[in-house]
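First up is the structure itself, then whatever we jot down about it.
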Amino acid sequence: MEGSESKYRQSADIPKVYDPEDVEEHWYQEWVDKGLFNADVNSDKKPFTIVIPPPNVTAALHMGHAYNNTIQDIYIRYRRKQGFEALWLPGTDHAGIATQNVVEKELRKTNQSRFDLGREAFVEKVWEWKEQYGNRIIFQLKKMGCSCDWRRERFTMDEGLSRAVREVFIRLYNKGLIYKGKYIINWCPRCGTAISDEEVEYKEVTGHLWYIKYPVKDSDEFLIVATTRPETMLGDTAIAVHPEDGRYKKLIGKTAILPLMNREIPIVPDRQVDPEFGTGAVKVTPAHDPNDFEIGKRHNLRSINILNNDATLNERAGAYAGMDRFAARKKVVADLEAQGLLLKIEEHHHSVGHCHRCDTVIEPLLSEQWFVKMKELAKPAIEVVNDGRLKIHPAERWLKTYINWLENIRDWCISRQLWWGHRIPVYYCQECDQMVASQEPPETCEKCGGHNWKQDEDVLDTWFSSWLWPFSTLGWPEETPDLRYFYPTDLLVTGPDIIFFWVARMVMSGLEFMQEIPFRDVYLNGIVRDQKGRKMSKSLGNGIDPVEIIDKFSADAMRFTLIMLSSEGQDINLAESHFEMGRNFSNKIWNAYRFLAMNLDEPEDNYLDYEDHYQLADRWILSRLQKTIEAVGANLDNFRLNDSLSAVYHFFWHEFCDWYLELIKPRLVQDADAVERQTARSIAVHIMKTAMDLLHPYIPFISEEIYQRLCSGESKSIVVSAWPDAKKELISDKAEAEMTLTQNIISAVRNIRSEMNVPPSSKAELKFKLEDEAKTRLIMENSHYVKQLARVETIEQIPAGEKVRAAAVAVVENAEIFIPLAGLIDLEVEKNRLGKEIQRLEGQIAGLTKKLSNEQFLTRAPQEVVKQEKEKLDNFREKMEKLKANLNQLN
RNA sequence: GGGCGGUUAGCUCAGUUGGCUAGAGCGCUGCGCUCACAUCGCAGAGGUCACAGGUUCAAAUCCUGUACCGCCCACCA
């Protein structure tokens, strides 16, 4: 600091209210400028790596991201301070379908579609969008204080990552794990693309079950089928019944006439039909239902696709061609009814698939797509969690979900009929039917010698690039030093909603392509909801914007609150007012510092030099600090973030501020003894600095600000200052017990004062009776604490037999404490107060007496517990007797 | 049809292997003298731990069942 005047003498200039705005901006810039977030291959250090779940470039970040990224930042900062080479690798995801959708929506505002622009121009537009939102996301992450290595920012469509995507496709293709084929897939008519099974959201809806009469050829009979999608009958190519169904046995092999289309269709036996459901006869539409498709294969049925890509009916639907599927449904039903072929309509509850991205009803459709065979990839991904190589937290909750999905995994449809994404690296020879998967089109076709290639039009599922994220971002397929050093990563923090989409697939790809798990621990954080427990969403308008909260309360306050409200993997319900908690805590820290600054010349924390001068309060707070250090670390290691933060919060506010700072005030005044003064100051500074170290992962900004002020600018940064170690030799259960007695005496006196309405201005005279010599000495030695904090003038021990007139009484441990209140005391109030206390004790005593007279308890419970209970009972009894005796004296 | 989570103070939630008088924050009540802080301090009120059984010396905690809320999975036409 400049000149002879320390800034600590000018503490009057420190504002009473903490203003985070400049502080946060300043330190973030400083950290980046100093390169403190950079991580490089360093053989002297162990790496600790997290790759960010890359946010979609569809929009700005919401509170869920803020929560998720806060957790990641906490672990990165924690490990960095512990001396790891901590890499947090940031980036964003192109989010194929989602991003294409938002850009198309933008275009629609000017009445344009992507087809008006053409593929190239449209993709150009999406890149512009990506620039804008990608930057916004990075801006937001920085604002939250995320300590990412920004030099390493990646995007899933970067050249490097795109190369990795193609490489993976080619390897899997050549291995026979990727194939192209015609199967029933989930088609979103609005997005105009196939989607994977995981992208379908099933919702319970109330629909109808229509019972339709199909005439049996050459008879007067009808076969009645029930369907929830009558329009699909236009594509029917059979009716199926259970082979053992007595009702229909005689019809098997006969022919039915498909109404409206007048097509002859066979009646076939198939065990898949459930005779109990509907009529036990099923219309079979192989092109529009996965089950029917299977039946069709077994019976060699035709597949008639009656739909266009936008879910209007095509020419194969005859008279219904051109109609939308739902209009056609109405018309089909009406026509059937007109012909007397509609038997009845029932209400029917069933689940209907909707597009995960646009909520449109999914249409199962026979279509030629690309798939990945998953069974083989899934096996090792199950093994690594079963043998404990990869841990999921909280395991009880999600492990089963993960395993269950992998055990029942189905092939992954990876082709998308979109423009935004990684183009499938497959080339078709235009001269023959040759098809090759490769990075670039080959020179010549090895089959026909042709040179004319055409690339597949489709792009890949967006997750086909994200599942490579932990290693594609580190340079794969090159064997880079980064990859060798930082992979496998250590921790993945993400939401449980993408276990299938992302987590499980990353495990599979990591094991397949790196022969190693992608991360050792997966922490699944809860979902941020609104006050009523609803998911935050744009459509509900109940979202809370992180940037708004930061502007209003500060990033520290936001982070603090989110973590305080979270418990392991549990969802958190959030209201804006909750952020006051974080703001208030920052302000508390600020003022604790302000108080210290007022009393400091230079902030020295050489507290160990003054060991000979420690008082009880000093030994106590140092002991509490060590235990807090242990608790903060242990809870972090166990993914109990809120317990970790609560521990340091409670220590700082309710032990350090409420008690320690209050207790040392007399020692800080100018005319106090110099050594005593320095003892207290150095300890206070040490506690303050250490608390900042412990708090830094949670509230990085204010902790740095305070830390720097306390270091007089000598330290580089709290970002890299060493994480505190608990000093076992400073832990003292004795000091803690003695301090507890002192605190309890103070609280008891305060309670009497408050209950008896003793004005603060009047000082009390405390008398106490106590048989225990050691404790008596303890009380006398620390009487200055009681005097100071309980507004007591004198403390005096009196003989056990002495009567104290007109005094309020309390029993703390085995000491009777009297506050004589001559003239002030209202006998009735005091009687009442004691009566209540006695009553409470009587209840406790009754319970304990019963317990201790129970033979079973005495013999079966651990002796330690029995002993504890006995002691407890003795204490209660002693306390009650003392109170009763004093109550009697009042009469 | 399976699986998972939740039900504890007016509100939002802790309570880790069963064992002190079930805790915190907010809110509420009373009082605020004091050289950090009213975004504060001190004191206090407030809970039959969803319900019913069971196991145990002992249950908020373990088991069984019920109710309600929420999520996930499953091809029931």
Side-chain angles (χ1 to χ4, degrees), chain A residues 11 14 16-18 184 202 209 225-229 232 240 272-274 276-279 281-285 289-292 294 350-351 364 396-398 400-401 404-405 408 496-497 499-500 527 529 531 533-534 561 564-575 577-578 580-581 583-599 635 638 640 642-643 646 649-650 657-658 661-662 665 668-669 747 750-755 757-762 788-789 791 840-841 843-844 847 851 854-862 864-866 868-869 871-872 876:
Chain A
S11 52
I14 301 175
K16 279 189 174 188
V17 173
Y18 173 58
I184 297 278
Y202 288 91
L209 201 52
V225 301
T227 179
T228 54
R229 294 186 297 156
T232 61
Q272 197 169 305
V273 178
D274 175 7
E276 303 293 313
F277 188 89
T279 61
V282 183
K283 57 189 272 317
V284 181
T285 322
D289 185 281
N291 293 318
D292 294 6
E294 294 300 319
H350 61 149
S351 59
E396 329 68 80
R397 194 170 298 173
W398 300 115
K400 263 196 198 167
T401 306
N404 189 52
W405 184 75
N408 298 295
D497 49 330
I499 291 178
F500 310 141
I527 294 166
R529 302 173 177 281
Q531 222 173 351
R534 299 172 306 183
T561 299
M564 281 299 266
L565 290 178
S566 75
S567 62
E568 193 187 10
Q570 206 66 259
D571 291 353
I572 54 184
N573 293 358
L574 201 60
S577 61
H578 289 145
E580 287 170 11
M581 195 196 310
R583 180 199 59 188
N584 294 355
F585 185 51
S586 292
N587 202 51
K588 190 72 183 177
I589 294 171
W590 180 254
N591 276 289
Y593 162 73
R594 185 166 176 267
F595 169 68
L596 280 186
M598 287 168 64
N599 289 288
N635 282 310
N638 291 318
R640 306 199 51 108
N642 65 328
D643 287 341
S646 295
Y649 166 81
H650 178 264
C657 290
D658 286 352
L661 290 184
E662 291 304 325
K665 274 180 181 174
L668 293 181
V669 294
S747 294
R750 283 169 167 176
N751 174 280
I752 289 171
R753 297 185 65 109
S754 176
E755 298 257 316
N757 286 319
V758 180
S761 54
S762 88
Q788 187 189 330
L789 293 191
R791 302 196 65 72
R840 191 189 303 183
L841 282 169
Q844 302 294 343
K851 202 174 190 180
N854 181 346
E855 204 51 43
Q856 301 279 356
F857 174 69
L858 294 174
T859 52
R860 299 210 182 178
E864 207 179 311
V865 173
V866 175
Q868 264 176 28
E869 298 293 288
E871 276 170 15
K872 203 161 63 175
F876 284 155

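All values below were derived from every heavy atom in this structure, side-chain atoms included, with hydrogens, water molecules and symmetry-related copies excluded. We name chains A, B, ... by the order of the sequence lines, and we start the count at 1 in each one.
- Residues Asn291(A) and Glu294(A) have side chains not in contact (no heavy-atom distance under 4.5 Å, counting atoms from C-beta outward).
- Relative to the six-membered ring of Tyr649(A), Lys588(A) misses at least one condition, a distance below 6.0 Å or an angle of at most 45° to the axis.
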Please produce a list of atom pairs where a protein N or O lies less than 3.5 Å from an N or O of nucleotides 20-24 of chain B.
| unit_1 | atom_1 | unit_2 | atom_2 | d |
| --- | --- | --- | --- | --- |
| rC20(B) | O3' | Lys872(A) | NZ | 2.4 |
| rU21(B) | OP1 | Lys872(A) | NZ | 2.3 |
| rU21(B) | OP2 | Lys872(A) | NZ | 3.2 |
| rU21(B) | O4' | Gln844(A) | OE1 | 3.3 |
| rU21(B) | O4' | Gln844(A) | NE2 | 3.2 |

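- Residues Met581(A) and Phe595(A) each lie close to RNA chain B; by heavy-atom proximity, the contact nearer the 5' end of the strand is made by Met581(A).
- Within 4.0 Å (heavy atoms only), Val866(A) reaches no atom of the nucleic acid at all.
- Side-chain atoms of Asp274(A) lie closest to rC76(B) of the nucleotides rU39(B), rC76(B), rG30(B).
- Considering only side-chain atoms of Arg750(A), the nucleotide from rU12(B), rC42(B), rU39(B) that sits closest is rC42(B).
- Atom C1' of nucleotide rC42(B) and atom CD of Gln788(A) are separated by 15 Å, given to the nearest angstrom.
- Of the candidates rU12(B), rC37(B), rA77(B), the closest approach to any side-chain atom of Arg594(A) belongs to rC37(B).
- The phosphate of rC4(B) has OP1 or OP2 within less than 4.0 Å of a side-chain N or O from Lys400(A).
- Counting any heavy atom pair closer than 4.0 Å across all strands shown, Pro496(A) reaches no nucleic acid atom.
- Listed candidates were rA77(B), rC13(B), rA36(B). Nearest to the side chain of Asn573(A) is rC13(B).
- For Asn404(A), counting side-chain heavy atoms from C-beta on, the closest listed nucleotide (rC33(B), rC37(B), rC73(B)) is rC73(B).
- The shortest heavy-atom contact between Lys16(A) and Asn591(A) is O-ND2, 3.0 Å.
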Quiz item: Asn599(A) and Lys665(A): side chain to side chain contact (heavy atoms under 4.5 Å, CB included), yes or no, with the steps?
Solution: CA-CA 9 Å; Asn599(A) 289 288; Lys665(A) 274 180 181 174; over 6 Å; no
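- When rounded to the nearest whole Å, the span between CD1 of Ile572(A) and C1' of rU12(B) equals 11 Å.
- A donor-acceptor contact under 3.5 Å links the side chain of Lys665(A) to the base of rA36(B).
- Spacing between rC51(B) and rC11(B) at atom C1', rounded to whole Å, works out to 23 Å.
- With both ends at atom C1', the span from rG27(B) to rC73(B) equals 41 Å, rounded to whole Å.
- Side chain of Thr859(A) to backbone of Gln856(A): a donor-acceptor contact under 3.5 angstrom is found.
- In this structure, Asp497(A) places its CG atom 18 Å from P of rG5(B), rounding to the nearest Å.
- Residue Asn854(A) is classed as a sugar-phosphate contact, given heavy-atom separations below 4.0 Å to backbone atoms only.
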Practice problem: Taking Watson-Crick and G-U wobble pairs with both distances under 3.5 Å, convert RNA chain B into its dot-bracket string, 5' to 3', dots for unpaired and | for cross-strand pairs. | Solution: (((((((..((((.....[...)))).(((((.......))))).....(((((..]....))))))))))))....
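- Looking at heavy-atom distances under 4.0 Å, Arg229(A) makes no contact with the nucleic acid at all.
- Taking atom CG of Asp571(A) as the reference point, atom P of rA14(B) lies 10 Å away to the nearest angstrom.
- Nucleotides rG1(B) and rC28(B) are separated by 48 Å at their C1' atoms, to the nearest Å.
- Residue Val284(A) is classed as having no contact, given no heavy-atom separation below 4.0 Å to the nucleic acid.
- The two atoms that bring Arg594(A) and Ile14(A) nearest to each other are NE-O, 2.9 Å, heavy atoms only.
- Using cut-offs of 30° and 60° for the angle between ring planes, the Trp590(A) and Tyr18(A) rings count as tilted.
- At the phosphate of rC42(B), neither OP1 nor OP2 sits under 4.0 Å from any side-chain N or O atom of Asn751(A).
- Here Arg583(A) lies in heavy-atom contact (under 4.0 Å) with a base.
- The residue His350(A) sits close only to the backbone: its heavy atoms come under 4.0 Å of sugar-phosphate atoms, none of a base.
- If you check every strand for non-hydrogen atoms under 4.0 Å, Asp658(A) touches sugar and phosphate atoms only.
- Between the side chain of Arg753(A) and the base of rC42(B), no donor-acceptor pair under 3.5 Å is found.
- Applying the 4.0 Å criterion to OP1 and OP2 of rC40(B), one finds that Asn584(A) has a side-chain N or O inside that range.
- The separation of rA22(B) from rU66(B), taken at their P atoms, amounts to 32 Å, rounded to a whole angstrom.
- Here Lys588(A) reaches the OP1 or OP2 of rG41(B): one of its side-chain N or O atoms lies under 4.0 Å away.
- Among the atoms of the strands shown, base atoms are found under 4.0 Å from some heavy atom of Asn291(A).
- Look at OH on Tyr202(A): it is 16 Å from C1' on rG1(B), rounded to the nearest Å.
- Remark: the separation of the C1' atoms in rU56(B) and rU12(B) is 34 Å, to the nearest Å.
- The residue among Asn635(A) and Ser747(A) whose nearest nucleotide of RNA chain B lies closer to the 5′ end is Asn635(A).
- In this structure, Arg640(A) reaches the rG15(B) phosphate: one of its side-chain N or O atoms is under 4.0 Å from OP1 or OP2.
- Nearest heavy atoms, Leu565(A) versus His578(A): CD1-ND1, 3.8 Å.
- When all heavy atoms are compared, the tightest approach of Arg753(A) to Pro759(A) is NH2-O, 3.1 Å.
- Using atom P as the reference point in both rC49(B) and rA60(B), the two lie 7 Å apart (nearest Å).
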Exercise. Check the pair Val17(A), Asn587(A) against side chain to side chain contact (heavy atoms under 4.5 Å, CB included), reporting the backbone distance first and the verdict last.
Key: CA-CA 6 Å; Val17(A) 173; Asn587(A) 202 51; 4.0 Å; yes
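- Rounded to whole angstrom, the span from the CE atom of Met598(A) across to the P atom of rC35(B) amounts to 9 Å.
- Side-chain contact check for Leu858(A) versus Val866(A): some heavy-atom pair is nearer than 4.5 Å.
- For Val225(A) against Thr279(A), the heavy-atom pair with the smallest separation is CA-OG1, 3.7 Å.
- When the P atom is used for both rG41(B) and rC26(B), the distance is 9 Å, rounded to whole Å.
- Nucleotides rG23(B) and rU16(B) are separated by 14 Å at their P atoms, to the nearest Å.
- Distances from the side chain of Glu755(A) to the nucleotides rA77(B), rA36(B), rA43(B) place rA43(B) closest.
- Straight-line distance from the CD atom of Glu662(A) to the P atom of rU34(B): 13 Å, rounded to whole Å.
- Of all non-hydrogen atoms in Ser646(A) and Met564(A), the two that sit nearest each other are OG-SD, 3.9 Å.
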